[in-house]
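Okay, structure first, notes after.
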Amino acid sequence: MNTVHHALKHMEVAVFSVSDNFTFVLEGPSFGWIKLFFLQPNIHENIFILKDNSPFLSDFILNAKSFWRKSNHKPFKSGAWIETDDSGCELPFKATAMTEEGQRILILNQIGDSYRRKLKMLQFGREQLLYKEHLETEVSKRTKLVRIREEEVANRLLAASGYRDLETGAHIKRIGLYSEAIAKALGWAQSRVDDIRVAAPMHDVGKIGISDSILLKPDRLDKSDFEIMKSHTQLGAQILQGTDIEMIEMALNIALYHHEKWDGSGYPKGLIGEDIPIEARIVSVVDVYDAMVHKRIYKEAISEDETLHYIRSASNTHFDPTIVKTFFSIIKEIREIKNRVCEKP
């Protein structure tokens with residue numbers, strides 16, 4: 001018993017040795033709450049008899065009897081339970097059955113202070129969690145509001161350009177949706193997926209600075225016209241520069257570099273491979289796909305089979321082979337977008 005007393009001497013704990021006939025001998029200090037569980041036939045002796053008014057402790061003692069008979073060395077412990085005293089005060093308890101040097105021992109711990117501390121910690125943790133959830137909800141709301149505003153800015157910018165080369169609003173929307181689908185398939189974070197959906201339609205925003213005589217020319221462009229047309233990439237970058245908004249920065253990269261080619265033969269910088277921003281590599285593929293399968297002022301639509309054959313054959317020269325592979329892995333979704341977002345007559 002010395003070990004038990006030494007370990008528990010500073011705690012509000014009642015320690016009993018248990019006799020063969022299951023009476024309980026108090027081996028340490030007494031506490032007023034002991035009478036909740038025990039009768040003391042003789043106030044001059046520390047011998048107690050268990051009452052039957054506490055189903056929690058009675059059930060624990062019943063299980064403890066089996067535990068004691070087996071002379072287990074590992075303590076048998078209860079969970080916490082609540083008793084109500086004569087004044088209506090609720091008191092939390094825990095019980096432990098153990099053996100020490102062959103002696104059966106029952107320990108009752110009135111865990112009021114520690115239990116309240118734990119409850120306080122749990123309550124604090126819960127409040128912190130609720131506060132965090134509240135903040136996350138507010139951040140989500142604000143993020144959605146920012147996204148709506150960014151999309152509005154992008155839409156107004158595109159409206160200002162007026163689709164002056166007679167590329168329709170449907171084409172602009174499809175480029176965003178195609179790019180979104182590829183970004184998802186590549187495993188991008190949702191925020192970046194949303195960014196490219198909004199940014200990709202601005203790929204040709206620089207065409208606002210190209211004259212109608214070139215934009216609306218019904219024939220193929222000659223060499224001098226094409227050199228002027230190529231400047232739309234840099235004009236677009238100039239329009240979009242000077243911001244720290246990630247979506248606009250992505251749109252700038254797309255506008256400037258979506259005519260670069262994987263083998264370095266593109267324009268305006270002649271970048272090679274992964275030096276080309278990945279968002280521009282994505283738009284490069286879907287822009288060519290959409291332009292080829294739809295009619296333009298200077299050409300008729302090309303069949304999808306021919307278009308897909310070209311994209312496959314241009315993998316590793318015109319296009320990033322990883323983007324091409326991803327494009328074909330979601331070709332059903334690409335077709336669904338093409339068919340759903342149709343040109344208006």
| query | Are the side chain of Arg197 and the backbone N or O of Ser179 linked by a donor-acceptor pair below 3.5 Å? | reply | no
| query | If you group Ile, Leu, Val, Met, Phe, Trp and Tyr by side-chain heavy-atom gaps below 4.5 Å, do Ile49 and Trp68 land in one group? | reply | no
| query | So, does Asp204 use its side chain to make a donor-acceptor pair with the main chain of Lys207 at under 3.5 Å? | reply | no
| field | Heavy-atom side-chain contact between Ile330 and Ile334 under 4.5 Å | value | yes
| From CD (Gln40) to OG (Ser30), nearest 0.5 Å | 7.0 Å
| said: Would you say Ser17 and Glu27 are linked by a side-chain donor-acceptor pair, where the criterion is simply a distance under 3.5 Å? | reply: yes
| query | According to the interplanar angle, ranging from 0 to 90°, do the rings of Phe31 and Trp33 count as parallel (below 30°), tilted (30 to 60°) or perpendicular (above 60°)? | reply | parallel
| Taking the six-membered ring for Trp, are the ring centroids of Phe327 and Tyr289 within less than 6.0 Å of each other? | yes
| query | Measuring from Asp263:CG to Leu271:CG, what's the distance to the nearest 0.5 Å? | reply | 12.0 Å
| task | Apply side chain to side chain contact (heavy atoms under 4.5 Å, CB included) to Glu260 and Thr233, showing your working. | result | CA-CA 10 Å; Glu260 298 286 358; Thr233 57; over 6 Å; no
| Atom CD1 of Ile105 and atom CD of Gln103: how far apart are they, to the nearest 0.5 Å? | 6.0 Å
| request: Tell me, please, whether Phe328 has Arg312 positioned over its six-membered ring: NZ or CZ under 6.0 Å from the ring centre and within 45 degrees of its axis? | output: yes
| Taking only residues two or more places apart in sequence or in another chain, which ones pass salt bridge (Lys or Arg N to Asp or Glu O under 4.0 Å) with Lys132? | none
| Applying the 4.5 Å side-chain criterion to the ILVMFWY set and letting contacts propagate, would Ile323 and Ile272 be lumped into a single cluster? | no
| query | Looking just at side-chain N and O atoms, do Asp305 and Ser303 make a donor-acceptor pair shorter than 3.5 Å? | reply | no
| message | For the CG atom of Leu177 and the CD atom of Glu336, what is their distance to the nearest 0.5 Å? | response | 9.0 Å
| query | So, the side chain of Asn339 versus the backbone of Arg335: is there a donor-acceptor pair under 3.5 Å, distance only? | reply | yes
| Do Glu83 and Ser54 have a side chain donor and acceptor closer than 3.5 Å? | yes
| OG1/Thr23 to CG/Asn21 distance, rounded to the nearest 0.5 angstrom? | 4.0 Å
| remark: The single option from Lys299, Glu300, Lys338 that satisfies side chain to side chain contact (heavy atoms under 4.5 Å, CB included) with His294 is Lys338
| Looking at CG of Leu57 and CG of Leu36, how far apart are the two atoms once the value is rounded to the nearest 0.5 Å? | 10.5 Å
| message | Checking Asp194 against Gln190: is there a side-chain donor and acceptor pair closer than 3.5 Å? | response | yes
| field | Trace of the side chain to side chain contact (heavy atoms under 4.5 Å, CB included) decision for Met247 with Met202 | value | CA-CA 11 Å; Met247 183 273 293; Met202 289 185 272; 3.6 Å; yes
| query | Do Ile34 and Leu26 come close enough that some side-chain heavy atom pair is under 4.5 Å? | reply | yes
Got a list of side-chain donor-acceptor pairs under 3.5 Å for residues 238-245, not counting sequence neighbours?
| residue | atom | partner | partner atom | Å |
| --- | --- | --- | --- | --- |
| Thr243 | OG1 | Ile245 | N | 3.0 |

| message | Does atom CD (Glu227) have a neighbourhood of more than 12 heavy atoms from anything else shown, all under 6.0 Å? | response | yes
| message | Under a 4.0 Å threshold between the charged nitrogen and the carboxylate oxygen, would Arg104 count as salt-bridged to Asp20? | response | yes
| said: Checking the side chain of Thr317 only, and the main-chain atoms of Ala314 only, is there a donor and an acceptor separated by less than 3.5 Å? | reply: yes
| task | Run through the side-chain heavy atoms of Ile, Leu, Val, Met, Phe, Trp and Tyr, join any pair under 4.5 Å, and report what else lands in Ile47's cluster. | result | Val25
| Looking at Phe93 versus Phe56, is the centre-to-centre ring distance below 6.0 Å? | no
| request: Apply the test side chain to side chain contact (heavy atoms under 4.5 Å, CB included) to residues Leu50 and Phe38: give CA-CA distance (whole Å), side-chain angles for both, the deciding distance (0.1 Å), then the verdict. | output: CA-CA 5 Å; Leu50 184 68; Phe38 297 97; 3.8 Å; yes
| With ring centroids as reference points, do Phe76 and Phe60 lie under 6.0 angstrom apart? | yes
| task | For residues 232-265, pull every pair meeting ring-ring contact (aromatic ring centres under 6.0 Å, His included), keeping only residues two or more places apart or in separate chains. | result | His203-His258, His232-His258, His232-His259, His259-Tyr267
| request: State yes or no: do Ile111 and Ile82 share one hydrophobic cluster built from I, L, V, M, F, W and Y residues joined by side-chain heavy-atom distances below 4.5 Å, directly or via other members? | output: yes
| Presence of salt bridge, Glu246 and Arg192, under 4.0 angstrom | no
| Audit row: Tyr178, Ile196, side chain to side chain contact (heavy atoms under 4.5 Å, CB included) steps and yes/no | CA-CA 10 Å; Tyr178 295 147; Ile196 199 169; over 6 Å; no
| task | Output yes when a side-chain donor or acceptor of Thr326 lies under 3.5 Å from a complementary backbone atom of Thr322, and no otherwise. | result | yes
| message | Tell me every residue that passes salt bridge (Lys or Arg N to Asp or Glu O under 4.0 Å) with Glu306, counting only those two or more places apart in sequence or in another chain. | response | none
| message | Give me each pair satisfying salt bridge (charged side-chain N to carboxylate O under 4.0 Å, His left out) with a member in residues 41-65, each pair once, sequence neighbours excluded. | response | none
